[in-house]
Participant: 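The following block contains the structure, expressed as structure tokens.
Just so you know, ligand 1 is whichever comes first in the structure, and atom 1 is the first atom listed for that ligand. These values consider heavy atoms only, across backbone and side chains, with no hydrogens, waters or symmetry-generated copies.
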Amino acid sequence: MENRKVRVRFAPSPTGPLHMGGVRTALYNYLFAKKHGGDFILRVEDTDQTRFVPGAEAYIQESLAWTGLVPNEGPAKGGEFGPYRQSERKPLYRQYADALVASGNAYYAFDTSEELEEVREKAKAAKLPNWQYNHITRNSMKNSLTLSEDETERKLAAGEPYTIRLKMPRNEEVRFEDIVRGWVVVNTNNLDDKVIFKSDGMPTYHLANIVDDHLMEISHVIRGEEWLPSAPVHVLLYRYLGWEATQPKFAHLPLILKPDGNGKLSKRDGDRLGFPVFPLEWNDPAKSEVSSGYREKGYFADGFVNMLAFLGWNPGTPQELFDLDGLVEAFTLERVGKSGAKFDPDKTRWFNQQYLRQRSDAELAQGLQPLLTEKGIEAAPEYIEKVCALMKERATFISDMLEGMYLFQAPESFDEKTLRKKWKEATPGIMSKLREELAALEDFSETNIEARFKAFLETEGLGFGAVLPNLRLLITGVGMGPSVFAIIAMLGKTEALNRIDTNMQHIATLKAS
Ligand code: GLU
């Protein structure tokens, strides 16, 4: 048992796009598997056909591909333990539900949904809002425990619809050790008789999940905290099916909280505060509504993954930047915290900025190229690389480097604030003189331009503040940016002098109006 091969699964239900919390669950499963030389499996839990959303499974697969969390086994890749979609495993589950009935741990329930609704309504009216089908109430319901054997047989033979429910024992303590939360103890009096098999011939989540984890030889179940209340039910199922010896170990991951820490992070928080909660953009087929995604917003997959890793885990050292292999190396479930992890959109941007700075200029240029093409700009790859080298220190996203548009085309507008505050009556005269200095330069390098500029200030008795912003304005049209000297050098002498000449005239007209 201790030397069991590590096999973990990510088991989403294709009911919509994957929330970033789901990606974190996949990530922790992946890291744990790789750390222990194990397998990372994707299993699609689609037993609830009423909640099936077209495109959701493809979305999940694409999200995993984007983040680099590629499963060893799954619906796309196959594997020895397939099929990996529960709907395709349908014929497999019935025998286990039958075995549970045969051993007295489950029973047939014939109550119709109308009847159940009626009981619930009555309970509500009697001020018992949380009516449950449980060890007490089942005695007054229509099931194989209350009906005679003949009556049950007759109903089954007549093909009356029924569900199979788990028979919760009375007043028993179910305990298991969770790797993240320690010992969890629950009294069965607090658990209801869960439906394990539905009238449509499909197992419910609980049964399918346990059967599959067993058959797929899953060693560890790593999933979100919202599944913690289900775990005691699962422990009982392992026991009743005689699979206790190979019951997987559990690790329930902490919730991801809103940025202010008040409650679970939802899509609404993202909409309200302006950040995506999904890895990829999602086109809701039913509502024709588009939800933004990290990928489309220009986030790097590796930075996004790095950020997610820290939502609930830390390495115990100050190091924050880890690539996927580094995370595999550093990750342990023991360092996953119990308390909810606050999502921090600023930190998410910070990670992106760090990853942008780590990228080579050539890589960044490749990312910038299509954005330029969109704007109708053509430039040599080497030139785009130089632009990236110059702009990257100021950028969080590749698209931020479009601020340096003036490196590709002459400005057509001029920053009003600079114009108002810095462009004085004497400015045109100063700029004309400065132009001549630049024109006289033979070696038009950044250092040379800067040296000549400083010498010019010195001889004219002028301060930086009176000249530099205006020079920037003439060259770029904006009030801020990387070194003007670097920009001028990149544009080259002809273009720089041209811009000074043309834009002096533009500005003169602007000022006069
Ligand atoms: N299908 C469940 C989900 O959608 C899986 C929970 C589990 O991992 O057991 O999250």
Participant: Where's the contact between Asn209 and ligand 1, heavy-atom distance under 4.0 Å: side chain, backbone, both or neither?
Facilitator: side chain
Participant: Out of all atoms in ligand 1, which are within 4.0 Å of some heavy atom of Tyr205? Include the element for each.
Facilitator: 2 (C), 5 (C), 6 (C), 7 (C), 9 (O)
Participant: Select one of side chain, backbone, both or neither to describe which atoms of Phe10 lie under 4.0 Å from any atom of ligand 1, heavy atoms only.
Facilitator: neither
Participant: Could you check whether Trp66 and Phe304 have their ring centres less than 6.0 Å apart?
Facilitator: yes
Participant: Counting non-hydrogen protein atoms only, what is the nearest one to atom 1 (N) of ligand 1? Give residue, atom name and distance.
Facilitator: Glu45 OE1, 2.6 Å
Participant: Is Arg9 near ligand 1, meaning one of its heavy atoms is under 4.0 Å from it?
Facilitator: yes
Participant: Regarding Tyr84 and Asp212, do their side chains bring together a donor and an acceptor under 3.5 Å, going by distance alone?
Facilitator: no
Participant: Do the two ring centres, one from Phe32 and one from Phe331, sit under 6.0 Å apart?
Facilitator: no
Participant: Less than 6.0 Å separating the ring centroids of Trp313 and Tyr28?
Facilitator: no
Participant: Regarding Glu363 and Ser360, do their side chains bring together a donor and an acceptor under 3.5 Å, going by distance alone?
Facilitator: yes
Participant: Nearest protein heavy-atom contact for atom 5 (C) of ligand 1: which residue, which atom, what distance?
Facilitator: Ala11 O, 3.1 Å
